[in-house]
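Data first, discussion second: the structure below is written as structure tokens.
All chains are named by letter (A, B, ...) in the order of the sequence lines, taking the proteins before the strands, and each is independently numbered beginning at 1.
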Number of protein chains: 2
Amino acid sequence: MNSIAMKVKEFQSILEKKNSDFALFYNSDSSKANPNMLYFSGYKGIGALVVPKNKMPFLIAPAMEFERAKKSMIKKAYSMEKKRFFDSIYKIIRKNGLKAKNIAIDKNNFTLNSYRHFRKQFKKTNARDISFDCLKLRELKAEEEIQFLKKSCSYADKIMQKAIKNFKDFKAESEAAAFLEYEAKKLGLETSFNPIIASGSNGSMPHHEPLNAKMKKGFCVIDFGVKYKGYCSDITRTIYIGNPSKKEKEIYNFLLDMQKGAINQIKYNKKCSALYDFANQKLGKYKKYFTHGLGQGVGVEIHELPNLTLNSKDRIKDNMVFTIEPGIYFPKRFGIRIEDTVMFRDKTIILTKTEKDLIII
Amino acid sequence: MNSIAMKVKEFQSILEKKNSDFALFYNSDSSKANPNMLYFSGYKGIGALVVPKNKMPFLIAPAMEFERAKKSMIKKAYSMEKKRFFDSIYKIIRKNGLKAKNIAIDKNNFTLNSYRHFRKQFKKTNARDISFDCLKLRELKAEEEIQFLKKSCSYADKIMQKAIKNFKDFKAESEAAAFLEYEAKKLGLETSFNPIIASGSNGSMPHHEPLNAKMKKGFCVIDFGVKYKGYCSDITRTIYIGNPSKKEKEIYNFLLDMQKGAINQIKYNKKCSALYDFANQKLGKYKKYFTHGLGQGVGVEIHELPNLTLNSKDRIKDNMVFTIEPGIYFPKRFGIRIEDTVMFRDKTIILTKTEKDLIII
């Protein structure tokens with residue numbers, strides 16, 4: 001059974017309940033995918049996805065993308081005419097005999113200018129926001145998605161381990177990043193984000209971009225993930241280049257203990273804010289150097305629900321997949337982050353399995 | 001002289017003319033950059049950029065991104081408090097003593113939900129769209145930008161040529177894509193998009209994603225580019241794996257002649273729609289297999305102004321940098337695309353210099 005197809009049905013019952021004639025998702029930027037279009041259809045290109053409350057969903061794609069759209073999970077696809085984007089979408093929806101009195105749109109992925117163009121066509125339509133329902137639907141993974149995520153994490157593990165094994169050969173951060181990217185691409189996988197390699201003082205910037213300059217001694221943060229069938233994995237390891245001092249080893253092990261402790265705190269129905277709070281409390285005097293959340297859901301996007309942050313309203317439920325990634329960043333000195341992707345179902349299962357004890361090279 | 005700094009001044013004079021107290025750009029998604037923030041500041045992370053009409057611009061970044069923001073071209077940066085995004089932005093703007101009666105926002109990069117949050121703070125502000133002015137400003141490149149784009153194209157050339165030289169070693173499309181990515185990353189460069197390697201019948205999909213399966217014989221489309229200092233290059237070559245028939249060689253040369261002819265048509269003040277029309281007419285009976293525009297501007301985004309399409313309102317001006325990329329796509333059979341990045345200043349200069357005669361391997 002195709003469990004993403006079941007998610008489509010679940011989504012349609014939400015539309016039915018909200019009395020929405022259909023949901024409309026669109027993407028007008030070929031350089032990125034609309035996450036909900038990707039989720040429901042597997043299609044990453046330009047165009048629109050229409051999910052009627054009680055009919056088969058269909059895609060609308062420009063001529064140049066039509067063949068690709070037809071290869072997606074949605075078998076019904078229309079080719080867009082060479083006219084304005086929403087004009088073409090409107091005509092195809094009308095041809096399909098769909099009412100457009102109340103519809104659902106994703107206001108997280110709808111720009112003000114697109115909305116202006118949309119309004120020129122859908123003049124009397126009542127357009128309600130469905131973004132939160134989509135995020136909540138995607139928060140609990142179907143069996144098929146969990147299999148994809150497990151596979152994604154297993155690939156990320158293998159490539160991470162290979163990179164660590166070869167690490168002493170990398171003269172620059174950019175070489176290490178290139179290696180990670182190459183190993184992923186060779187297998188036909190995209191990376192889930194641009195790999196982060198942050199050596200020495202660069203490590204104090206959680207989102208540092210790898211430099212084509214001599215790798216610095218000391219801690220080196222390696223943050224990486226791949227997409228398997230569109231599903232993201234995310235893993236960070238911090239290794240040490242050179243000879244760590246006793247103090248440096250202590251601080252690494254302190255963070256590692258906390259990361260493991262946080263994973264042990266995961267329980268059914270636990271508040272995600274409490275998990276963040278646990279991590280933050282444990283850090284004691286280092287608290288102010290922990291400048292981001294404890295983790296977040298992963299799926300077709302690298303940042304999804306739940307949020308493991310101070311103000312999160314989320315609670316741990318079965319079939320959630322998320323990261324646990326505490327870090328400590330000393331401005332202009334160094335940074336350490338240790339991150340796993342985990343899933344929860346009755347119990348916590350760590351999906352990224354690469355060794356966490358400090359590796360010194 | 002820093003010519004991007006001059007672009008900031010030019011932008012401020014637009015704000016002055018439009019009586020806008022400041023322009024506000026934001027990015028809430030760490031997986032992508034806001035193109036105008038990137039353009040004016042070089043900063044790619046989460047946060048906001050405020051450009052007052054008559055004061056120094058400043059960045060607002062979350063704590064985890066603060067050190068990175070301070071390394072951007074904008075020296076003035078504030079750390080965001082741990083509260084709601086636009087709440088924090090509002091407070092910092094107020095602290096700066098800026099009026100917020102009339103402001104400018106980029107409605108191409110402003111989502112409906114962000115706008116709702118924005119409105120909770122900026123209750124009485126009149127927020128006008130500045131997106132088109134930004135696109136027009138970015139359409140004409142400053143000297144510094146042209147140098148970056150030339151360098152970007154030169155890197156793309158080198159890597160493309162290296163890939164073609166090694167092409168017979170690639171067993172799968174994904175291997176060729178991995179090679180391109182690796183060579184870019186090794187130099188500390190991002191690719192400007194995920195490289196496209198489309199062999200045999202996959203070539204009929206202009207945006208085909210490289211597969212980890214045996215490379216197909218016949219035409220193989222290689223579409224690739226890098227970012228140098230944030231500036232995108234874009235080049236496509238189509239090579240042939242195996243022995244092309246006379247007919248296949250003919251059709252390749254037919255497209256190549258047309259591509260060269262289109263480049264020769266570029267003149268000062270020429271309508272971009274006329275360039276598209278020239279290409280389309282030249283294709284004759286193949287017209288229906290040409291399913292996209294003739295080209296578009298490149299800069300900090302891979303798709304910018306001008307648009308070389310049927311309905312374009314743009315005209316060729318000095319200091320434009322754009323692609324000329326005709327293609328023919330026979331559904332389920334094969335595709336050919338030949339693309340250069342060119343600049344116009346008094347005359348046309350082709351920035352991507354890789355050989356265009358059919359390479360047979």
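Surrounding CZ of Arg84(A) are at most 12 heavy atoms belonging to other residues, nucleotides or ligands under 6.0 Å away. The number of heavy atoms from other shown groups lying within 6.0 Å of NZ (Lys214(B)) does not exceed 12. More than 12 heavy atoms of other residues, nucleotides or ligands sit less than 6.0 Å from atom NZ of Lys136(A). Within a 6.0 Å radius of NZ in Lys313(A), other residues, nucleotides and ligands contribute 12 heavy atoms or fewer.
Here NE2 of His292(A) is found 11.0 Å from CD1 of Ile46(B). Values are rounded to the nearest 0.5 Å. The OG atom of Ser201(A) lies 7.5 Å from the CD atom of Glu67(B); values are rounded to the nearest 0.5 Å. Here the CG atom belonging to Leu112(A) is positioned 5.5 Å from the CD1 atom belonging to Ile105(B), to the nearest 0.5 angstrom. Separation of atoms OG (Ser204(B)) and CZ (Phe66(A)) is listed at 12.5 Å; rounding is to 0.5 Å. Residue Glu301(B) holds its CD atom at 7.0 Å from OG of Ser31(A), rounded to the nearest 0.5 Å.
Note: Pro206(A) leads Ala63(A), Pro206(A), Ala184(A) in heavy-atom pairs under 4.5 Å with chain B. Interface check for chain B: of the options Ala176(A), Gly188(A), Ala178(A), the most heavy-atom pairs under 4.5 Å are formed by Ala178(A). If you tally non-hydrogen atom pairs under 4.5 Å between each of Lys332(B), Arg68(B), His208(B) and chain A, the highest count goes to Arg68(B). In terms of heavy-atom pairs under 4.5 angstrom with chain A, the leader among Glu173(B), Glu175(B), Lys71(B) is Lys71(B). The most heavy-atom pairs under 4.5 Å with chain A, out of Asp106(B), Asp129(B), Asp29(B), Leu211(B), come from Asp129(B).
Asn311(A) touches chain B through its side chain: at least one heavy atom from C-beta onward sits under 4.5 Å away, while N, CA, C and O do not. For Glu209(A), the part sitting under 4.5 Å from any heavy atom of chain B is the side chain, from C-beta outward, and nothing else. For a residue to count as touching a neighbouring chain, one of its non-hydrogen atoms must lie under 4.5 Å from one of that chain's; by this rule Phe290(A) touches chain B with the backbone only. Neither the backbone nor the side chain of Tyr329(B) has a heavy atom closer than 4.5 Å to any heavy atom of chain A. With a 4.5 Å cut-off on non-hydrogen atoms, Asn108(B) touches chain A through its backbone and its side chain both. Residue contact with chain B, scored on non-hydrogen atoms closer than 4.5 Å, is absent for Lys171(A). Contacts of Phe110(A) with chain B are made by both backbone and side-chain atoms, with heavy-atom separations under 4.5 Å.
With 3.5 Å as the limit, one finds a donor-acceptor pair spanning the side chains of Ser131(B) and Asn113(A).
Salt-bridge formation is detected for the pair Glu181(A)/Lys185(B): a Lys NZ or Arg NE/NH1/NH2 atom is positioned less than 4.0 Å from an Asp or Glu carboxylate oxygen.
The side-chain heavy atoms of His303(A) and Ser30(B), taken from C-beta on, include a pair separated by under 4.5 Å. The side-chain heavy atoms of Met205(B) and Met64(A), taken from C-beta on, include no pair separated by under 4.5 Å. In this structure the side chain of Glu65(B) reaches within 4.5 angstrom of the side chain of His207(A), judged on heavy atoms. When side chains are defined from C-beta on, Asn194(B) counts as touching Glu190(A), because their heavy atoms get closer than 4.5 Å.
Closest heavy-atom contact between Asn212(B) and Lys186(A): OD1-O, 3.6 Å.
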